[in-house]
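In what follows, chains carry the letters A, B, and so on, assigned in the order in which the sequence lines appear, proteins first and then strands, with residues in each chain numbered from 1. Hydrogens, waters and symmetry mates play no part in the numbers below; they use all other heavy atoms, side chains included.
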Number of protein chains: 2
Amino acid sequence: MPKNCNFIEKLREVGLRPTKQRVKMCEVLYNREKTFHFTINDLVKLLSEKMNQKISLATVYNTVHAFEKKGYLKEISIDSHKSYFDTNTSAHHHFFDEDTHELIDCDESDIDKISIRKNITGKKINSVEVLVRVASDNQTQK
Amino acid sequence: MPKNCNFIEKLREVGLRPTKQRVKMCEVLYNREKTFHFTINDLVKLLSEKMNQKISLATVYNTVHAFEKKGYLKEISIDSHKSYFDTNTSAHHHFFDEDTHELIDCDESDIDKISIRKNITGKKINSVEVLVRVASDNQTQK
DNA sequence: ATCTACATTATAATAATTCTAAACTGTTGA
DNA sequence: TCAACAGTTTAGAATTATTATAATGTAGAT
Ligand SMILES: [Mn+2]
Ligand SMILES: [Mn+2]
Ligand SMILES: [Zn+2]
Ligand SMILES: [Zn+2]
């Protein structure tokens with residue numbers, strides 16, 4: 001989603017009422033250069049601290065899920081104990097930094113197309129995603 | 001872990017006291033032909049219903065995490081809302097059936113080795129795992 | 001048999017998420 | 001323009017998964 005676009009229009013296009021809470025959340029999520037990976041907690045903090053916007057927690061959850069359903073956000077499973085969301089809704093792979101708990105997008109050139117030779121009868125493949133877990137390289141005892 | 005092995009010995013080997021709760025959990029987890037993928041709830045149900053073994057929920061959590069730390073179990077992140085564990089602790093890929101919420105192991109021949117061309121300075125790769133989400137193929141409107 | 005460190009248990013506490021029901025607001029069309 | 005309605009927000013309660021607490025029990029050693 002480009003910078004400075006009209007979030008009111010965007011929301012209307014998918015049938016979401018452009019309430020001020022939703023518009024503010026769009027600003028936080030999409031007025032940025034790069035993909036944003038976040039937890040609900042990250043988002044609540046950004047809204048209250050950086051944006052000075054008091055939004056009830058229930059609304060943050062509701063809105064995130066509304067955005068997810070409309071294709072504005074994608075949920076990423078990295079850690080069974082917390083939900084991560086991604087403003088990059090296309091199919092893509094991730095690095096996960098186990099030290100900082102940060103997600104990093106891969107692009108096409110980082111990982112070759114995965115070829116799946118297994119087939120499950122009656123089932124179709126919905127997605128194929130790779131997760132590369134990394135951590136600091138601290139056994140350099142030269 | 002092979003069938004009918006001596007769980008008491010196995011537990012001692014890694015420094016876990018073979019209490020009756022732990023041995024019973026070993027039986028449920030490892031006396032089976034194939035890899036077992038489960039949630040804590042699945043395991044509690046099996047213990048109480050099938051094995052007629054009353055074990056406190058805290059013990060099930062404690063023991064699962066003790067087994068995880070000792071390399072008897074591996075946690076799998078599939079769904080941010082629930083923890084899945086796997087008796088197959090080797091590096092391997094999965095299919096996840098979104099209809100039944102079942103995990104299926106891939107073997108070597110199912111997916112080629114993944115080549116990672118991205119490098120993050122100061123970080124080493126801990127694991128590379130693929131998750132293939134599948135669901136029933138219901139758009140056969142011939 | 002006794003001792004001690006570790007394990008189990010019931011229960012309370014915490015954390016993430018969802019529900020509820022009342023108040024509020026964007027949109028529509030008279 | 002503005003009443004009416006449907007959809008939205010909200011505070012707070014409820015629910016669910018998980019972890020902590022502290023008393024009791026037990027495996028393994030002597
Ligand atoms: Mn969710
Ligand atoms: Mn866990
Ligand atoms: Zn991403
Ligand atoms: Zn597995």
Under 4.0 angstrom between [X] side-chain N/O and [N] OP1 or OP2:
X       : N      : result
A:Arg12 : C:dG26 : no
B:Gln21 : C:dT9  : yes
A:Thr19 : D:dG7  : no
B:Tyr61 : D:dT18 : yes

Within this structure, what is the [atom1]-to-[atom2] distance between [X] and [N], rounded to whole angstrom?
X       : N      : atom1 : atom2 : value
A:Ile8  : D:dT8  : CD1   : P     : 15 Å
B:Leu11 : D:dT26 : CG    : C1'   : 15 Å
A:Tyr84 : C:dA16 : OH    : C1'   : 14 Å
B:Asn62 : C:dC6  : CG    : C1'   : 12 Å
A:Arg22 : C:dT27 : CZ    : C1'   : 13 Å
B:Lys20 : C:dA7  : NZ    : C1'   : 10 Å
B:Met25 : C:dT8  : CE    : P     : 9 Å

Out of [options], whichever nucleotide has its closest atom nearest the side chain of [X]:
X       : options               : value
B:Pro18 : C:dT9, D:dA11, D:dA27 : D:dA27
B:His65 : C:dT27, D:dT19, C:dC6 : D:dT19
B:Thr63 : D:dT10, D:dT18, C:dT8 : C:dT8

We want to know whether A:Thr63 and A:Gln21 form a side-chain donor-acceptor pair, criterion being a heavy-atom distance below 3.5 angstrom.
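Per modelled atom types, A:Thr63 and A:Gln21 side chains form no pair under 3.5 Å.
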Have A:Asn41 and A:Thr39 got a donor and an acceptor in their side chains that come within less than 3.5 Å?
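There is no such pair between these side chains.
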Lys/Arg-Asp/Glu bridge criterion (N-O < 4.0 Å) met for A:Arg22, A:Glu27
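So A:Arg22 does not pair with A:Glu27 through a salt bridge.
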Is the shortest distance from a Lys or Arg side-chain nitrogen in B:Lys118 or A:Asp110 to a carboxylate oxygen in the other one below 4.0 Å?
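Counted as a salt bridge, because a side-chain N and a carboxylate O are separated by less than 4.0 Å.
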Protein-nucleotides 12-15 of chain C N/O pairs closer than 3.5 Å?
none

Can you list every pair that meets salt bridge (charged side-chain N to carboxylate O under 4.0 Å, His left out) and has a residue in residues 89-109 of chain A, with sequence neighbours left out?
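For residues 89-109 of chain A: A:Asp97-B:Lys123, A:Glu98-A:Arg133, A:Asp99-B:Lys123.
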Find out whether A:Glu9 and A:Leu11 are in side-chain contact, i.e. whether some heavy atom of one side chain is under 4.5 Å from a heavy atom of the other.
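With C-beta onward as the side chain, the pair stays apart.
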Side chain proximity check, B:Tyr72 to B:Val14, heavy atoms < 4.5 angstrom
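Heavy-atom side-chain distance check passes, below 4.5 Å.
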Angle class for the A:Tyr30/A:Phe7 ring planes (parallel below 30°, perpendicular above 60°, tilted otherwise)?
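Answer is tilted, since the angle falls between 30° and 60°.
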What residues in residues 39-57 of chain B put a non-hydrogen atom under 4.0 Å from any atom of DNA chain C?
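Those residues are B:Lys54, B:Ile55, B:Ser56.
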Nearest-nucleotide 5' precedence on DNA chain D, B:Leu16 against A:Thr59
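It is A:Thr59, whose closest nucleotide lies nearer the 5' terminus.
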What distance do B:Thr89 atom OG1 and B:Glu68 atom CD have between them, rounded to the nearest 0.5 Å?
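One gets 11.0 Å once the value is rounded to the nearest 0.5 Å.
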Output field: ring centroids A:His101/A:Phe96 closer than 6.0 Å
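That pair passes the under 6.0 Å test.
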Counting distance alone, no hydrogens or angles: does the base of D:dA6 have a donor or acceptor under 3.5 Å from a partner atom on the side chain of A:Arg17?
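Check passes, donor-acceptor contact within cut-off.
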